[in-house]
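Notes follow once the structure below has been shown.
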Amino acid sequence: MISNPSILFGLNAMEELDQWFAKHGSRYSKVIALVDENTMEHCMPEFAGSLENLTDFELLEIEAGESSKSSEILFQLISALQELGADRSSLLINLGGGVVCDLGGFLASTYMRGIHFINIPTSLLAMTDAAHGGKTGVDHNGIKNLMGSFTHPQCTLIWTDFLATLPKKEYENGYAEMLKHGLISDRNLWNSLSQSWINKEEIGPYLEKSIQIKTEIVEADPHELNERKKLNFGHSTAHAIESYFLLKEMEVSHGWAVAAGILVEAELSEMKSRLPFIEKDEIVSRIKALYSFELLKGLKVEDLHPHLLNDKKNRNHALLFVLLSEIGKAVVNVPIDFTEFDLAWKKCFGNV
Ligand code: GLY
């Protein structure tokens, strides 16, 4: 059971959202839905057809993909809201994956100093992570989430039927964040998810558990002063990989980069935070059985160094990582130097 009442989950969730509109809809001067071309085609018909109490709304459509999470698109959307006559009483609905929820959340949190928004994640990644917890973000100058805010949606609808049309690669992308939730907090969840892929039709209970893990961590530390940093396990490396490819104008998926980050940071955990060898070995062999990392074989590890320095968790130019002391237990603020990082990287991806 998910303890945050603003996260609507389960068989009655769409009905609950309809009731939400029945109760609160009249307070909004205008409702605008932000979609990408995929969610427009695959998710909007079911969404619009399911809500009796939301009959009239405008649409804003962006191209799918991380390149839309940019300051340029943000400014275009601000102009589009202005042209639509959106005012401070307007409501934005973000119907999409992590890009739509991050970008739409930031748009809503800044337009006219902030308007209300609802997140309706349509990818596994956004359902398990990006759509709740209050983080919004936009990339700038090749740096992931250089702009962002902590702003919570009015509510988040998790409707797993949307996963039916999600491509396999995107499903696997989100699955990595669920594996991470198990590794930092719940050995049973890790065990269930990591031995082989759990298919979409059976993912519901594991997704619920994964959301609950994040919810508890966010409730304990909403502004990421300490405990919430645990959610960034695998992410120091992942963001460096993503930023490296972003500069090369190649898009790699966030979850795949997190899976790579889990490998490197498991090696670092054995070196620096006493993760037992046998547990490190289990993490590495199971992650490598689920994901392929061929793309990283030609990458020179030194090329990641400048990107590692941009990590928001660092202090005074020192790299600070989240590592594991055992499966199910994370430790934060572990100082790492480049020599240690390079060694861990080479153990995972070879001697480049
Ligand atoms: N995605 C990590 C967090 O919400 O803190």
Side-chain angles (χ1 to χ4, degrees), residues 2-4 6-7 9 66 69 94 96-106 108-109 117 119 121-139 143-153 155-156 158 170 173-186 189-190 193 207-243 252-262 265 310-315 320-324 330-334:
I2 297 166
S3 59
N4 182 339
S6 76
I7 300 179
F9 183 94
E66 183 77 18
K69 219 180 104 171
N94 299 318
V99 168
V100 169
C101 291
D102 281 2
L103 171 69
F106 189 66
S109 75
F117 66 104
N119 280 341
T122 55
S123 69
L124 186 61
L125 182 119
M127 288 180 189
T128 193
D129 187 25
H132 50 92
K135 279 189 182 174
T136 74
V138 167
D139 306 336
I143 300 174
K144 293 265 303 169
N145 302 321
L146 188 62
M147 295 182 283
S149 63
F150 286 103
T151 316
H152 290 274
C155 62
T156 302
I158 312 281
E170 282 307 316
N173 186 22
Y175 203 91
E177 291 284 4
M178 295 178 64
L179 289 164
K180 177 207 73 182
H181 285 152
L183 284 171
I184 61 169
S185 184
D186 186 332
L189 181 65
W190 159 256
L193 294 172
L207 179 60
E208 186 173 13
K209 181 75 209 166
S210 174
I211 293 171
Q212 178 57 12
I213 288 171
K214 173 160 178 181
T215 300
E216 281 170 15
I217 292 175
V218 170
E219 280 168 0
D221 178 20
H223 292 103
E224 201 171 300
L225 301 176
N226 196 51
E227 175 81 3
R228 185 169 182 168
K229 290 181 184 167
K230 291 180 180 173
L231 291 168
N232 289 309
F233 176 63
H235 282 62
S236 300
T237 308
H239 282 157
I241 294 171
E242 287 175 89
S243 298
V252 296
S253 68
H254 175 65
W256 171 81
V258 169
I262 288 174
E265 295 178 23
N310 285 328
D311 193 293
K312 287 185 277 303
K313 289 183 298 307
N314 298 338
R315 284 288 166 271
L320 293 179
F321 276 50
V322 180
L323 298 180
L324 301 177
V331 282
V332 301
N333 296 334
V334 184

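Indexing begins at 1, ligand by ligand and atom by atom, following the structure's order.
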Practice problem: Starting from the C-alpha separation in whole Å, work towards a yes-or-no answer on side-chain hydrogen bond (donor to acceptor under 3.5 Å, both in side chains) for Gln212 and Glu216. | Solution: CA-CA 6 Å; Gln212 178 57 12; Glu216 281 170 15; 2.7 Å; yes
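The existence of a salt bridge linking Glu224 and Lys135 is confirmed by a sub-4.0 Å separation between a basic side-chain nitrogen and an acidic carboxylate oxygen.
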Which protein N or O atoms sit under 3.5 Å from any N or O of ligand 1? Give each pair with its distance.
unit_1	atom_1	unit_2	atom_2	d
ligand 1	1 (N)	Asp129	OD1	3.0
ligand 1	1 (N)	Asp129	OD2	3.0
ligand 1	4 (O)	Lys214	NZ	2.7
ligand 1	4 (O)	Arg228	NH2	2.8
ligand 1	5 (O)	Lys135	NZ	2.9
ligand 1	5 (O)	Arg228	NE	2.8
ligand 1	5 (O)	Arg228	NH2	3.3

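Take His254 and apply the ring-ring contact (aromatic ring centres under 6.0 Å, His included) test, not counting sequence neighbours, and it matches His235, His239. Residues satisfying the side chain to side chain donor-acceptor pair (under 3.5 Å) criterion with Thr237, sequence neighbours excluded, are Glu265. By the salt bridge (Lys or Arg N to Asp or Glu O under 4.0 Å) test, Glu170 pairs with no residue at all, sequence neighbours left out.
Among Glu177, Arg228, Glu219, the single residue meeting the side-chain contact (heavy atoms from CB on, under 4.5 Å) criterion with Lys214 is Arg228.
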